[in-house]
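The structure appears right after this line, and notes come after that.
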Amino acid sequence: MSFREGGGANGIGGSRKVAAMEMELEEAAPVLDSGEKRLNELGYKQELRREMTFLKILGITFSSMAVFVGTPLYGPSLRYAGPASLIWGWPVVVFFTWFVGVAMSEICSSFPTTGSLYFWAAHLAGPRWGPFASWCCAWLETIGLVSGVGAQAYSASQSLQMIILLATGTNTGGGYYASRGVFLSMYIGFTLIWATLNTFALEVIAFFGIISMWWQVIGGLVVIIMLPLVAQQTQPASFVFTHFQTSPESTGISSKPYAIIMSVLLSNYCLYGYDSAAHLTEETKGADRTGPFAILSSIGIISVFGWAYNLALTFSIKDFDYLYDENNETGGALVPAQIIYDAFYGRYHNSAGAVVFLCIIWGSFFFCGLAVTTKPCKNFQIYALSRDNGIPFSPIWRKLHPKSKVPVNAVWLCAAISIILGLPILKMDVVFTAILSISTVGWVGGYAVPIFARLVMEERNFKPGPFYLGRARRPICLVAFLWIGYTCSAFLLPTSYPIRLKTFNYAPVALAVCMGLVMLWWVLDARKWFKGPVRNIEVDSSSQHC
């Protein structure tokens, strides 16, 4: 003001100098990323490196879902109700999955922070119910994610078992079939490899994520296109799209609705995992836009590739009943492996091509396991939960490596728990069913808490991000919540009858024990001190809208 009053050449010159200095300061000041700005508004300072791009986040998210992830479930799902139920179940599940993905994308756009789901639950449920909602969501997701590592380790071990068997002569030709002890060693080995790789900086995992994305896209196209072309004998479209048959003699399930529910489990299992994009938002540039876009892009890509893979397998079936024969070339252990073997052996009279295709599938499991290991331990669930003092011995698990900024202790905690989950492989055949069910119910169940909170909250308390549903959020969230409830219930059902010790689905018991202990801890102690996500920045309350 004084410059304007001074007038004259000196006054004008002084004003120009001040203006120039202000412009230089503005240019020198770093531009705050939109995601970091929103993070600061929520009460968190930026601790992790924000260097992830859309391609990197898409790579990790895509790896968590994986084109071939449903391979171990294909055989059981096909047997329950035949090909028609399995094939048409996929687009039905995709339809409802989009409701869940869209609902999560809106919340992700508003809350771009590590520990996303339980953080969302805390803020969306409000000050009264927020701590309890956050507590339930955090532990559901932690249980699901850690057991998810075990599910991928089992799948990778089973694929490797088939590769070795076919490469050494097949089950009927004296090939080597890994014993339970060797299988468990493979399981533990994969878990340790993934944990070791996750002790490096996140850009290393991001690099593997990009490799994984191209591996699955190119490898998926090769398998999907080449398998039906190689198979000399293929099934007609009428068999693939209209043939329905139950198998009560092997499954014990004669009810058609029950059989259909079991058959669709393949699709339910394959079409989740897209929350990886949300977990990565604190390290992503422009996360309030990139996160939602990555979630929806992953769902779209997997929806197309996954259905095409199921179609390729089903069209290439040579003999339906022979697939499950314990005396066939793969020992009846992995139906897709037998389908692929029949196709290549029928045309080339050797198993070399089948081994190559199974290596492509095995690679998908390896990358998927690496990405899934990243989620619960490295910078995500366990780290975020320990940062908010929500896990025993939190200071140990939230400690970051000074150079790589990685919570190394959390990585090895996750690996140790996953290995313990796999130990029953030595005695039981239903381990995979139990681990897979626990993973799905915990992982997908964690989605339900923030979506339900978003459904019932008052709109004036929600600060939308760039991706906003407006009036559509209530019907979308309602459908998403009901679908999650159905999915979790389906994975807790018995998978075969009569129910015996060797066929019992132990997932309901395991989940009941885990969540019972978590709830008991809440009632007796945690409710007194756990308040949800703990801010590490003092924020003006007038700027908070949620």
Side-chain angles (χ1 to χ4, degrees), residues 34-48 100-142 275 277-284 287-289 291-292 295 379-381 383-391 445-470 473-474 476-478 480-481 484 522 526-527 529-546:
S34 59
E36 184 176 348
K37 181 180 179 182
R38 178 58 178 151
L39 187 68
N40 292 346
E41 292 174 355
L42 292 168
Y44 278 91
K45 65 181 179 180
Q46 184 70 41
E47 293 182 315
L48 304 174
V100 182
V102 169
M104 291 181 64
S105 294
E106 184 199 40
I107 304 173
C108 177
S109 183
S110 179
F111 299 101
T113 176
T114 287
S116 53
L117 298 187
Y118 87 94
F119 185 98
W120 298 351
H123 284 263
L124 294 171
R128 180 181 179 183
W129 294 102
F132 180 67
S134 179
W135 180 261
C136 294
C137 183
W139 279 103
L140 270 173
E141 193 179 16
T142 299
D275 60 304
H279 286 279
L280 287 160
T281 49
E282 198 167 319
E283 297 163 273
T284 304
D288 49 353
R289 290 178 173 82
I295 289 173
N379 298 347
F380 305 150
Q381 190 64 24
Y383 164 71
L385 187 57
S386 62
R387 185 173 67 176
D388 298 324
N389 299 313
I391 191 170
Y447 295 2
V449 181
I451 289 177
F452 179 76
R454 177 73 181 107
L455 172 67
V456 300
M457 75 178 299
E458 294 185 18
E459 191 64 15
R460 60 185 176 85
N461 294 329
F462 182 75
K463 181 178 179 180
F467 187 93
Y468 180 52
L469 297 177
R473 59 102 177 179
R474 283 194 184 277
I476 289 176
C477 288
L478 177 60
F481 179 74
I484 292 171
W522 170 264
R527 63 184 176 86
W529 50 264
F530 184 78
K531 303 303 178 185
V534 179
R535 293 187 174 97
N536 53 22
I537 293 180
E538 293 297 329
V539 183
D540 182 4
S541 60
S542 64
S543 66
Q544 298 301 302
H545 297 268
C546 50

Closest non-hydrogen atom pair, Ile451 against Met104: CD1-CG, 3.9 Å
Residues Ser134 and Ala122: closest non-hydrogen pair is CB-CB, 3.6 Å
Check: Glu106 side chain, Leu469 main-chain N or O, donor-acceptor pair, under 3.5 Å: yes
Out of curiosity, Phe462 CZ to Ile107 CD1, how far, rounded to the nearest 0.5 Å? 6.5 Å
Closest heavy-atom pair and its distance - Tyr468, Gly465: CB-O, 3.9 Å
Under a 3.5 Å distance rule, please check whether Thr142 uses its side chain to pair with a backbone N or O of Ala138 as donor and acceptor. yes
In Å and rounded to the nearest 0.5 Å, what is the OH to NE2 distance from Tyr118 to His123? 9.5 Å
Find out whether Leu117 and Val449 are in side-chain contact, i.e. whether some heavy atom of one side chain is under 4.5 Å from a heavy atom of the other. no
Could you pull out all residues at least two apart from Phe467 that satisfy ring pair (Phe, Tyr, Trp, His ring centres under 6.0 Å)? none
When you measure from the side chain of Arg289 to the backbone N and O of Ser109, does any donor-acceptor pair fall under 3.5 Å? no
Below 4.5 Å, heavy atoms only, C-beta onward: do Arg454 and Glu459 meet side chain to side chain? yes
Quick one: CG on Asn461 to CG on Leu124, what's the gap to the nearest 0.5 Å? 10.0 Å
Donor-acceptor under 3.5 Å (Ser105 side chain, Gly101 main chain): yes
Once you measure the plane-to-plane angle for Trp529 and Trp135, does it fall in the parallel (<30°), tilted (30-60°) or perpendicular (>60°) bin? perpendicular
Determine the minimum heavy-atom distance between Gly446 and Pro450, stating which atoms define it. O-CD, 3.1 Å
Using the side chain to side chain contact (heavy atoms under 4.5 Å, CB included) criterion, which residues pair with Pro131? Sequence neighbours excluded. Trp522
Side chains of Trp120 and Ser110 in contact at under 4.5 Å (non-hydrogen atoms): no
